[in-house]
2 protein chains.
Amino acid sequence: MTDKQRHSWVSIRDSIREMILNSTYGPGDKLPRDEEFAASFGCARSTVHRAMRDLAQSGLVERRRKGGTMVRRDPVTRATLNIPITRLEVEQKGSTYGYQLIRQSVQPSSPAIMANFALPEARPMLRVEALHLADSRPYIFEDRWICLETVPEITSVDLTRESANEWLVRNRPYSRCDLRLYARPGTPIDSEVLQSTPGDALFVMERTTWIGEAPITSLCAVAHPGYQLFTQG
Amino acid sequence: MTDKQRHSWVSIRDSIREMILNSTYGPGDKLPRDEEFAASFGCARSTVHRAMRDLAQSGLVERRRKGGTMVRRDPVTRATLNIPITRLEVEQKGSTYGYQLIRQSVQPSSPAIMANFALPEARPMLRVEALHLADSRPYIFEDRWICLETVPEITSVDLTRESANEWLVRNRPYSRCDLRLYARPGTPIDSEVLQSTPGDALFVMERTTWIGEAPITSLCAVAHPGYQLFTQG
DNA sequence: GACAATAATATGTAGCTACATATTAATGTA
DNA sequence: TACATTAATATGTAGCTACATATTATTGTC
């Protein structure tokens, strides 16, 4: 009974997950308290806690203080996307990276950008349009807005040499990042910049970041036709 | 000096992150050992460990036993996608969900599917083509292959009533999930099923799952024009 | 009965110890 | 020198205690 072998939190997690999946506990059910699980498994509460944290993070259960742990009624697939700096993404594929600043200007934030940041009123921003190249061919076109109040130093960065993407990633952490992915047909402007056919299906990534409540940057990145985004475990 | 206030792992994490970002420690640098950080912060090693785990998971640092902790040379943006069951996604938007089985047949896995699973040879699979509807309008069309060796029970499920999506999520856990996202122009077949214009830009999600080494399902989900995928914190 | 104050409860966190594990560095031997 | 053995080291995990925090249930008062 009280075998003194040590149980890893991974095995405890898998046991609990197994129980949920073979319907010992169904969707919406309340699971036993951590302590009870610990007693039944013959391990410490901290080990069960570690396992439960993992299950909660992966979306299988939901935990609330005092409320206990419940099996989520609506299981979700959680996938982690790794979005590297574009230069590294290109180089990792064995291609030569190129970068081209197209336009740069100070503007009040557009309504769309204000919406992304949920700002009630316009703020002065630096708008940077730039093209990333792989082997001299257009790879990703980005239209980026940088909040000058949050990142005043950006004005003294030479964006013809270093991409705003890279500078921000290396110099500005963010505490929140919203991502939106969709497809849209290429406009004539797209096709000019990306050297693609108008009407082609283009993959678009919109990314908005904050540090605390302060907006940092919001960008719309349009990839060349054929671009794919992967998950990686 | 030795103030006995307790430090939360979150504040420790933020302090370390701050140091990395203001270049106290630069990309590629080796960070002090956990114990040293603990001593300098005046907290326990376990607290530093907790903080470090979080930084490692978010992609800012990399840890190796004995090797120590290093600031990643190539910071990545890690975003977690929540992919709910399609029915719930539709209902959450306040729309009425509909489901329609289009075709279903047992086939040996196609080369493309074998590639997704990295299978050396074909296996018998159930291919299910189905349409998810929102307010009676096409929402997502999915072309799914289910491995019959791993999921033999699927043959006894009435897929005209319950979607394979839902049944699998509720009954088959997976240990690995590969995701691929891209845009492609709609074919005449797409436009027929999705009632869209041929050549329209369509958002495609390919998802392949395994339990252990055993393949479960691989599917290609094509969304209606205008579909967007979000992250959620 | 309505509502505020209080107690009970389950998870969350911090700190400690001890040991496991992976990897590098040092050492010994042919 | 080459190679296997051993030691050293930093992170990873398990177990314990104590306390914090959020939320629910209970109780008391009007």
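In what follows, chains carry the letters A, B, and so on, assigned in the order in which the sequence lines appear, proteins first and then strands, with residues in each chain numbered from 1.
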Using whole Å, report how far [atom1] of [X] lies from [atom2] of [N].
{"X": "H7(B)", "N": "dG15(C)", "atom1": "NE2", "atom2": "C1'", "value": "12 Å"}
{"X": "R45(A)", "N": "dA10(C)", "atom1": "CZ", "atom2": "P", "value": "11 Å"}
{"X": "R13(A)", "N": "dG12(D)", "atom1": "CZ", "atom2": "P", "value": "16 Å"}
{"X": "M52(B)", "N": "dA10(D)", "atom1": "CE", "atom2": "P", "value": "13 Å"}
{"X": "L55(A)", "N": "dT11(C)", "atom1": "CG", "atom2": "P", "value": "13 Å"}

Handout entry: R50(A) (side chain) and dG15(D) (base): donor-acceptor pair under 3.5 Å
Key =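 Flag unset: no donor-acceptor pair detected.
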Fill in the blank from the handout: Residues in residues 26-37 of chain A with a heavy atom under 4.0 Å of DNA chain C, by number, are R33(A), D34(A)
Practice task
Can you measure from CE (M19(B)) to OG1 (T24(B)) and round to the nearest 0.5 angstrom?
Solution key: 6.5 Å
When you get a sec, tell me which of [options] is the closest nucleotide to the side chain of [X]?
{"X": "W9(B)", "options": "dA18(D), dA14(C), dT11(D)", "result": "dA14(C)"}
{"X": "C43(B)", "options": "dG15(D), dA18(D), dG15(C)", "result": "dG15(C)"}
{"X": "A44(B)", "options": "dT11(C), dC16(C), dT11(D)", "result": "dC16(C)"}

Problem - Salt-bridge criterion met for E62(B) and R73(B) (N-O under 4.0 Å) - result: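 So E62(B) does not pair with R73(B) through a salt bridge.
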Exercise for the section: Please state whether the phosphate of dG12(C), meaning OP1 or OP2, lies under 4.0 angstrom from any side-chain nitrogen or oxygen of H49(A). Expected result: yes
Practice task
Please state whether the phosphate of dT11(D), meaning OP1 or OP2, lies under 4.0 angstrom from any side-chain nitrogen or oxygen of T69(B).
Solution key: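 T69(B) to dT11(D) OP1/OP2: side-chain N or O found under 4.0 Å.
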Problem - Ring centroid separation F117(B) to W210(B) under 6.0 Å - result: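 Yes, close enough.
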Exercise for the section: Could you walk me through whether L179(A) and L81(A) pass the side chain to side chain contact (heavy atoms under 4.5 Å, CB included) test, one step at a time? Expected result: CA-CA 10 Å; L179(A) 192 64; L81(A) 289 177; 4.1 Å; yes
Practice task
Could you tell me how the ring of Y227(B) sits relative to the ring of Y139(B): parallel (under 30°), tilted (30 to 60°) or perpendicular (over 60°)?
Solution key: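 Judged by the thresholds at 30° and 60°, the geometry between Y227(B) and Y139(B) is perpendicular.
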Problem - More than 12 heavy atoms from other groups under 6.0 Å of CD on E213(B) - result: no
Practice task
Identify whether any heavy atom of T47(B) sits under 4.0 Å from a base atom; if not, whether one sits that close to sugar-phosphate; answer base, sugar-phosphate or nothing.
Solution key: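 If one applies the 4.0 Å heavy-atom cut-off, T47(B) turns out to touch the sugar-phosphate alone, with no base involved.
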Exercise for the section: Describe the nucleic acid contact of G68(A) in one word from base, sugar-phosphate, nothing, applying a heavy-atom distance below 4.0 Å. Expected result: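 Sugar-phosphate, no base atom in range.
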Pull out every protein N or O sitting under 3.5 Å from an N or O of nucleotides 3-7 of chain C, one pair per line with the distance.
none

Exercise for the section: State whether a side-chain donor-acceptor pair under 3.5 Å links D178(A) with T208(A). Expected result: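 The answer is no; no qualifying pair exists.
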Exercise for the section: Indicate yes or no: at least one non-hydrogen side-chain atom of Y99(B) is less than 4.5 angstrom from one of E162(B). Expected result: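 Contact flag for Y99(B)/E162(B) side chains = no.
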Handout entry: Any side-chain heavy-atom pair of R180(A) and L229(B) under 4.5 Å
Key = no
Handout entry: Under 3.5 Å donor-acceptor, T209(B) side chain and Y174(B) backbone
Key =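 Judged by distance alone, no pair lies under 3.5 Å.
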Practice task
Identify which one of R63(A), R53(A), R50(A) satisfies the salt bridge (Lys or Arg N to Asp or Glu O under 4.0 Å) criterion when paired with D34(A).
Solution key: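 One option only clears the test, and that one is R63(A).
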Handout entry: C147(A) to P215(A) - nearest heavy-atom pair and separation
Key =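 Smallest heavy-atom distance, with atoms named: CB-O, 3.3 Å.
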Handout entry: Residue-level proximity of residues 57-66 of chain A to DNA chain D when a heavy atom falls under 4.0 Å
Key =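 Within this stretch, R64(A), R65(A), K66(A) sit under 4.0 Å of the strand.
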